There are 4 protein chains.
Amino acid sequence: MAETRYQRRKEERPDEIAEAAFDVFSEHGYAGARVDEVARKAGVSKGLLYLYFKTKEELFKAVVMRVISPRMDALIERLSTSEQSAEEFLRGPLTQFMQQLPRSRARVVIKLMISDGSRHPDLVDFYWESVASKGLALISSIIERGVSSGEFRKTAVSELPQLVIAPMMVATVWKIVFADRSLDTDRLVSTHIDMLVSYLKTERSKTR
Amino acid sequence: MAETRYQRRKEERPDEIAEAAFDVFSEHGYAGARVDEVARKAGVSKGLLYLYFKTKEELFKAVVMRVISPRMDALIERLSTSEQSAEEFLRGPLTQFMQQLPRSRARVVIKLMISDGSRHPDLVDFYWESVASKGLALISSIIERGVSSGEFRKTAVSELPQLVIAPMMVATVWKIVFADRSLDTDRLVSTHIDMLVSYLKTERSKTR
Amino acid sequence: MAETRYQRRKEERPDEIAEAAFDVFSEHGYAGARVDEVARKAGVSKGLLYLYFKTKEELFKAVVMRVISPRMDALIERLSTSEQSAEEFLRGPLTQFMQQLPRSRARVVIKLMISDGSRHPDLVDFYWESVASKGLALISSIIERGVSSGEFRKTAVSELPQLVIAPMMVATVWKIVFADRSLDTDRLVSTHIDMLVSYLKTERSKTR
Amino acid sequence: MAETRYQRRKEERPDEIAEAAFDVFSEHGYAGARVDEVARKAGVSKGLLYLYFKTKEELFKAVVMRVISPRMDALIERLSTSEQSAEEFLRGPLTQFMQQLPRSRARVVIKLMISDGSRHPDLVDFYWESVASKGLALISSIIERGVSSGEFRKTAVSELPQLVIAPMMVATVWKIVFADRSLDTDRLVSTHIDMLVSYLKTERSKTR
DNA sequence: AATGAATGAGTATTCATTCAT
DNA sequence: CATGAATGAATACTCATTCAT
């Protein structure tokens, strides 16, 4: 039919292929993914795939970066310009972000970092620089802001932003491993934040 | 002559092979691991490996189960029979357990569950039944015990034991992905437990 | 505007493509050459290339014949109509021809005959008929002419014109294989002709 | 049957494979040869071939070197220790060597050097060092010996040993390209040597 | 029990050729 | 005419698994 071959623009091809690759890598990891399956899912021939991505490796990197890139800068931009109090920030935008992440495509990136990061160190570096370090720094700065303004007391949390995102991590891993076993991840996150804020605002320190 | 060693090895062979396989699967995941490398690392021929493990799949399962099996039952046994108060339990044995896990072999099991669980659902089931569900149930029961005894107030944490182990998860994933980037995982865990206990003991609830 | 160039090119396109193909086949041989590279070097699209040459095979043949065709007929024409003595012919035009051949495009044809002739027997036939047999016949006839006129004595050389062109062959192969290792191919040819003439003119036969 | 799989020793496998590869490379050149065909001709699976030769490239090199290596050293040894006069050497052992080469396996090496040398420069270097330079040096030294002993006069041939082997080259190329067209290559060689000796012994120099 | 040579189905990648535009 | 996106058969290479010894 006239609907086939040339109907889709070449500009869209890389996206379509990357999209299919995202699914396949997501399901099988790097080593387990087959380029054939990517091509089939994208509805293109293997030859065309290789026209846009020179190797499976390059395809993998493109796929991961495609998910990472736009996401974090936008988010950090949005979050850091907020005028809210630290508590409002934690309870509002950060909670929302952490609640949606386990359901988002970013979940797949986390899975791929865990499963294939060791053999793609440059991807890990990229992830660290553009996502992890920035995100953690943002959280630290929010906590610090709360401390400066007298909203929060001084705790080890300032230096351990990983503590803030912990429930998101559990929720994400849970979704990856136990997808079918139910867990109210939203409540997990909000309860954690509740606990955290409570901890940060408590008068008498109980840190050992 | 070498008979003693030879005799001894005969019985230890499966262990040695599984040990080597553990390393290899740990490094490359299921799909990326090569049976050749396992045999080489174990110092046996491929033929012998296949005498003990009929397929790569079976080897994989054996390896994972070998790490899972003894670990959890013993732990749960030990923990559940303790006579401590809930807080003592959380601050003592549980903290220690969570602190050492990211450094232990169990870290590898977590990595493999994340990376290859989806294609080995029976392994996930096994992991769920023998480790995850039991561990989470234990934590819930400890919290509940604290609530019953008046040590803790009633919170959502009772139903969200994942909240308790969250820092362990973050620490584990961190070690897997960012091995070389430093993080004081012990402090992460202890601070979290501190926060948790503080939350559980607070008079005025702030749960939404 | 660019019309003139465009118009001109239209007629020259096959030539330009064949020219590019000559370079590529020359460098990589038939099997190793890529049509893509030919098109790129010719500055045309692959589609256009296939408009003029239906297959890679056909392109190859066209390229080889293009070099063969005009060359030999002209040469033989020129040589055979000469009024020179046999010795003058050997020392003059033939020496010049043999000296320049290893540097000329014909060298490439020889290379291609050697490397790919076996899979293009019709090309070999064509080469034989239009170049090799004619050239050798010409040389034989010159020698014969010298014998008839009493200039030369009767030797096996008359029936072995390959003996006359031997230094050209060595020089050509040398250039192909040992391009960077120096060899005075001109002197090689002239010394050989000197030796040949001396042999043909000697009174007392020393042939065994 | 019992005659299959394990009947041939593993020590013979590389030889058998290289033998088959020799035929295939000989016929198709490097780029045109298919590893599958080599394996099929050798009567082994592709997997086994790759057990002995890591890449097609390595197989190619092994094949070429296998033909080159033993041949030349032995020959040069034999030739250089001879007690013959220079003329006897040229008319005897050298003539025989040059006569048999176009029929021997060395012919294939020459073909491969011409067709694929440019993309395997290390092979060319190896060929140069272990065959070409040694062989030419040997010939030069024989001529020189004749000159020193007063057997030959001083000519340019001393510095152009390529002149001596020229008929062998023509014969070899002829066999490669025009296999089916008859040429008395033995007579070609002997006539050339006759001419050469005659030239070297002539009183009055006719060199330009 | 133990070996490792051998297999062959599978996988990434290439490249001559086509064809919608 | 002209393009170059698209195809798919071919090709180098890998790896889980087998089996003669």
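Treat the numbers as computed from the prediction; the structure is a model and nothing was measured. Chain A is the first sequence line, chain B the second, and so forth, proteins listed ahead of strands; every chain is numbered from 1.
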Atom-to-atom span, CD1 of A:Ile17 to C1' of F:dT7 - whole angstrom
13 Å
Is it the case that the side chain of B:Arg107 and the backbone of B:Ile176 share a donor-acceptor pair, with hydrogens and angles ignored and the cut-off at 3.5 Å?
no
Round to a whole Å and report the spacing from CG of A:Leu59 to P of E:dT11.
16 Å
Looking at E:dA1, I'd like to know if its phosphate oxygens (OP1 or OP2) sit under 4.0 Å from a side-chain N or O belonging to B:Arg13.
no
Quick check on ring-ring contact (aromatic ring centres under 6.0 Å, His included): which of A:Phe126, A:Phe25, A:Tyr127, A:Phe60 does A:His120 satisfy it with?
A:Phe60
Nucleotide E:dA1, atom P - distance to CD of B:Glu12 in whole Å:
15 Å
For B:His28, does its backbone N or O pair with a side-chain atom of A:Arg119 as donor and acceptor, under 3.5 Å?
yes
Note: for C:Val44 and B:Gly32 on DNA chain F, the residue whose nearest nucleotide lies more 5' is C:Val44
Tell me the interatomic distance from B:Glu16, atom CD, to E:dA2, atom C1', rounded to whole angstroms.
14 Å
Would you say E:dT7 has OP1 or OP2 under 4.0 Å from some side-chain N or O of D:Ser45?
yes
Return the set of residues passing salt bridge (Lys or Arg N to Asp or Glu O under 4.0 Å) with A:Asp23 (not counting sequence neighbours), or none when no residue passes.
none
Rounded to the nearest angstrom, tell me the gap between atom CG in D:Leu49 and atom P in E:dA5.
15 Å
On a heavy-atom basis, which atom in B:Ala62 and which in B:Phe53 lie closest, and how many Å separate them?
CB-CE2, 3.6 Å
Value in whole Å for how far the C1' atom of F:dA16 lies from CG of D:Leu51:
15 Å
Among E:dT13, F:dA2, F:dT7, the nucleotide that comes nearest once only the side chain of A:Lys56 is considered
E:dT13
So does C:Lys46 reach the base of E:dT17 with its side chain, donor to acceptor, closer than 3.5 Å?
yes
Verify the contact: side-chain N or O of B:Arg40 to OP1 or OP2 of E:dG4, cut-off strictly under 4.0 Å; return yes or no.
no
Residue list, side-chain hydrogen bond (donor to acceptor under 3.5 Å, both in side chains) with B:Glu58, at least two apart or on another chain:
none
Are OP1 or OP2 of E:dC15 and a side-chain N or O of A:Tyr50 less than 4.0 angstrom apart?
no
Toward the 5' end of DNA chain E, by each residue's nearest nucleotide, B:Leu48 or A:Asp36
B:Leu48
Nearest-Å distance for atom pair CZ/P, residues C:Phe60 and E:dA16
13 Å
How does DNA chain E read in dot-bracket, base by base from 5' to 3', with Watson-Crick or G-U pairs under 3.5 Å and | used when the partner is on another strand?
.||||||||||||||||||||
Below 4.0 angstrom, N of the basic side chain to O of the carboxylate: do A:Asp116 and A:Lys111 qualify?
no
So which of residues 23-30 of chain D are in contact with DNA chain E, with a heavy-atom cut-off of under 4.0 Å?
none
Judged by nearest nucleotide, the residue sitting upstream toward the 5' end of DNA chain E, A:Arg34 or C:Ala33, is A:Arg34
Would you mind reading off the distance between C:Glu58 atom CD and E:dA16 atom C1', rounded to a whole angstrom?
14 Å
List the atom pairs, donor and acceptor, that lie under 3.5 Å between side-chain atoms in residues 30-48 of chain C and the rest of the protein, sequence neighbours left out.
residue : atom : partner : partner atom : Å
C:Tyr30 : OH   : C:Glu57 : N            : 3.3
C:Tyr30 : OH   : C:Glu57 : OE1          : 3.4
C:Asp36 : OD1  : C:Lys46 : NZ           : 3.1
C:Ser45 : OG   : C:Leu48 : N            : 3.2

Looking at E:dA2, I'd like to know if its phosphate oxygens (OP1 or OP2) sit under 4.0 Å from a side-chain N or O belonging to B:Tyr52.
yes
Taking side-chain hydrogen bond (donor to acceptor under 3.5 Å, both in side chains) as the test, write out the residues that go with D:Glu19, two or more places apart.
D:Arg105
First of D:Thr55 and B:Thr55 reached from the 5' end of DNA chain F, by closest nucleotide:
D:Thr55
Looking at D:Ile110, D:Ile114, D:Val108, D:Val109, which one forms a side chain to side chain contact (heavy atoms under 4.5 Å, CB included) with D:Leu112?
D:Val108
